[in-house]
Amino acid sequence: MLPLRELQARFLRSIATTAELSGVHGFDPALRELVEARGPLGSAQRLGVYAEMYWARLVDVLRNDFPRVSAILGDDRFTTLASAYLERNPSTNPSVRWVGTGFADFLAERGPLADLPFLADLARFEWTRLAVFDAADAVPLRLEALRAIPPSKWPRLTFRPVPALRVLRCAWPVHELWAADDPKAAATMVRPAATVLRVWREAFTVYQTQVDTVEQVALRQLLAGAPFGVVCDRLEALLPPPAVAREAGALILRWVEDQILASPLAPSRRGRAQ
Amino acid sequence: MAFSVPYLGHGVGLRTTHFPRVLDRTARVDWFEAISENFMIDGGRPLAVLERARTSGPVVLHGVSLSLGSTDPLNDRYLQALRALVDRVAPAWVSDHLCWGSVGGRYAHDLLPLPYTEEALRHIVTRLKMVQDRLGRQILIENVSSYLTFAHSAMPEWEFLAAVSEQADCGILLDVNNVYVSAVNHGFDAERYITSMPADRVGQIHLAGHSDKGTHLLDTHDGHVVPAVWDLYRLAVQRCGPVSTLIEWDDRIPEWAVLCAEAERARTVEAETLEEAHAATA
């Protein structure tokens with residue numbers, strides 16, 4: 001008889017080792033001795049039920065979290081890669097929501113797959129969409145609130161991004177692959193191109209758009225908490241002086257429309273409500 | 001000590017397939033059961049759906065990762081998150097499973113079987129008391145489907161479950177389908193299991209479908225409740241009286257009307273059983 005802790009350690013090690021699935025090593029003999037063989041199933045087959053469920057469930061979680069990566073790889077290749085990832089990165093969080101945390105890095109560290117060099121970028125993009133999907137809620141800033149601010153106060157105005165906003169830098173236009181009707185076909189034609197994506201959520205829907213250099217610079221300042229005046233200063237390096245205020249103002253309007261700026265009143269209201 | 005939870009009627013699991021119906025308030029059912037871990041997030045659609053469900057009827061929280069039987073220390077961050085969710089949702093009750101699912105800091109995300117020994121009994125009772133202290137409430141624990149038993153178990157599962165509930169002073173979520181699946185897989189008497197339950201501690205019943213793999217039954221929650229499980233449900237109602245009952249349907253989830261019809265069937269079976277029992281004693 002094994003102490004409970006030893007039994008559990010051997011059990012999890014047994015079912016979470018991919019080699020066991022191929023039947024090469026069989027299951028831990030000390031564990032097998034403890035498992036009753038009854039009816040049509042022997043002790044190894046009974047452990048095998050748990051091993052099969054372990055891999056099927058967790059690979060399925062990754063398949064759901066990385067649907068385009070999975071579609072491009074195909075079922076067999078995705079299962080092989082996902083299993084290798086899970087073996088090296090066992091879940092350490094009680095929620096399956098976080099099983100895929102290191103998947104993009106894992107793909108990147110393996111070195112680019114010869115035929116799919118964009119895969120790690122695509123995985124990072126899909127993970128970013130998930131992060132935005134269930135990021136904290138916020139009350140978006142409304143145009144009326146902006147209009148109420150006198151022009152003299154604008155230079156010191158500091159906008160706050162909503163939590164459901166991410167900026168992602170990629171070496172490939174992975175958003176195009178993601179949006180393709182046939183990602184596998186699109187994957188054969190995609191070419192490398194430095195791409196910066198803004199990913200955000202409006203209500204329950206996640207959106208993404210490629211951003212140009214001007215918006216990249218402004219977004220960096222926004223995320224750093226810089227006042228509007230500093231945003232304009234940074235844009236002076238990219239735009240002729242007469243265009244700076246116009247472009248900066250247009251960006252703010254676009255961000256308000258996309259609901260990526262949080263209302264300054266939101267935290268205190270939420271705080272009181274709780 | 002006593003155990004008591006309200007009778008909520010016949011409910012269904014809160015699953016993404018039917019989120020739109022919850023949001024537009026066309027998902028009418030006695031009550032919902034939400035998987036706790038699915039809502040341990042910061043915001044977005046799932047939490048909005050849960051909030052909407054709360055406004056239309058009672059909600060209970062059902063966890064899958066408490067890992068009560070694990071020999072790891074209780075996961076403090078998980079308990080904090082659960083407590084925060086409980087405070088936010090104010091569920092009618094909270095439940096998890098009689099199993100373990102993690103060791104050495106690694107999670108299997110499965111409901112793994114325990115040996116039914118005195119050592120395991122002491123261990124799980126101690127942890128259950130700690131969890132109930134942390135949450136400030138009694139919880140319910142559910143029997144799981146299993147595919148293996150340990151030769152050194154000293155008692156049958158039903159005795160173990162009853163002992164845990166008495167010693168930890170918690171409730172029981174009796175999963176009738178799990179009783180049936182395990183009975184077939186291990187060759188024990190499912191009726192004896194049901195009739196051995198301490199009726200005053202059974203606060204909820206689960207019903208679900210399963211798959212026949214030829215060599216064993218697999219608890220897949222992907223179809224209708226089978227006739228043998230309906231028979232066991234009748235027996236459970238005879239034993240325990242009216243108990244809040246939930247249809248679990250997690251894979252190949254049917255349209256709302258089919259899911260509700262299964263919950264309605266449970267209501268009918270319960271009513272018929274209670275009527276028969278009343279007639280027999282009248």
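Per chain, numbering begins at 1; letters A, B, ... match sequence-line order. Because only heavy atoms are used, hydrogens play no part in the values below, and waters and symmetry mates are left out as well, while side chains stay in. Everything quoted here is computed from the prediction, not taken from an experiment.
- Both the backbone and the side chain of A:Leu47 come within contact range of chain B, each with at least one heavy atom under 4.5 Å from a heavy atom of that chain.
- Here the shortest heavy-atom pairing between A:Pro94 and B:Asn75 reads CG-ND2, 3.5 Å.
- Between B:Asp72 and A:Arg5 there is a salt bridge, with a side-chain nitrogen of the basic residue lying less than 4.0 Å from a carboxylate oxygen of the acidic one.
- When the shell of 6.0 Å around CD of A:Glu257 is examined, it contains 12 or fewer heavy atoms from other residues, nucleotides or ligands.
- Across B:Ser146 and A:Tyr50, no two heavy atoms sit closer than the pair CA-OH, 3.4 Å.
- No other option in B:His123, B:Arg77, B:Glu119, B:Glu37 has as many heavy-atom pairs under 4.5 Å with chain A as B:Glu119.
- Considering only heavy atoms from C-beta on, A:Ser95 stays 4.5 Å or farther from B:Tyr107 through its side chain.
- With a 6.0 Å radius and a threshold of 12 heavy atoms from other residues, nucleotides or ligands, A:Glu33 has its CD atom at or below the threshold.
- Closest approach of B:Phe150 and A:Val35 over heavy atoms only: CE2-CG2, 4.3 Å.
- Interface remark: of the candidates A:Leu4, A:Val99, A:Thr92, A:Val132, A:Leu4 forms the most heavy-atom pairs closer than 4.5 Å to chain B.
- Only the side chain of B:Leu114 has a heavy atom closer than 4.5 Å to any heavy atom of chain A.
- Between the CZ atom in B:Arg106 and the CG atom in A:Asn93 there is a gap of 14.5 Å [rounded to 0.5 Å].
- For chain A, the nearby part of B:Leu218 is the side chain; its heavy atoms alone come within less than 4.5 Å.
- Heavy-atom pairs under 4.5 Å with chain B peak, among A:Leu12, A:Leu86, A:Leu31, at A:Leu12.
- For chain A, no part of B:Thr117 is nearby; none of its heavy atoms comes within less than 4.5 Å.
- If you measure heavy-atom distances from B:Leu23 to chain A, the contacts under 4.5 Å come from the side chain alone.
- Only the side chain of A:Leu41 comes within less than 4.5 Å of a heavy atom of chain B; its backbone N, CA, C and O stay farther away.
- Interface remark: B:Asp110 contributes backbone and side-chain atoms alike to the contact with chain A (heavy atom separation under 4.5 Å).
- Contact of the B:Pro115 side chain with the A:Leu7 side chain is registered, since non-hydrogen atoms from C-beta on lie closer than 4.5 Å.
- In this structure, the portions of B:His186 lying under 4.5 Å from any heavy atom of chain A include both its backbone and its side chain.
- Exactly one residue among B:Leu148, B:Thr149, B:Asn185 makes a side chain to side chain contact (heavy atoms under 4.5 Å, CB included) with A:Arg38. That residue is B:Thr149.
- More than 12 heavy-atom neighbours from other residues, nucleotides or ligands sit within 6.0 angstrom of CZ on A:Arg57.
- In plain terms, the two heavy atoms of B:Asp42 and A:Ala135 that are nearest each other are CB-C, 3.9 Å.
- When the shell of 6.0 Å around CG of B:Asp133 is examined, it contains more than 12 heavy atoms from other residues, nucleotides or ligands.
- Comparing B:Arg45, B:Met40, B:His109 by heavy-atom pairs within less than 4.5 Å of chain A, the highest count is held by B:His109.
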task: Could you go through the side chain to side chain contact (heavy atoms under 4.5 Å, CB included) check for B:Ser70 and A:Gln8 one step at a time?
output: CA-CA 8 Å; B:Ser70 170; A:Gln8 290 180 345; 4.2 Å; yes

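- B:Ser153 does not touch chain A: none of its heavy atoms, backbone or side chain, sits under 4.5 Å away.
- With chain A as partner, the option from B:Thr71, B:Ile41, B:Leu47, B:Thr215 having the largest number of non-hydrogen pairs under 4.5 angstrom is B:Thr71.
- In terms of heavy-atom proximity, A:Asp137 sits nearest to B:Gly44 at OD1-N, 2.9 Å.
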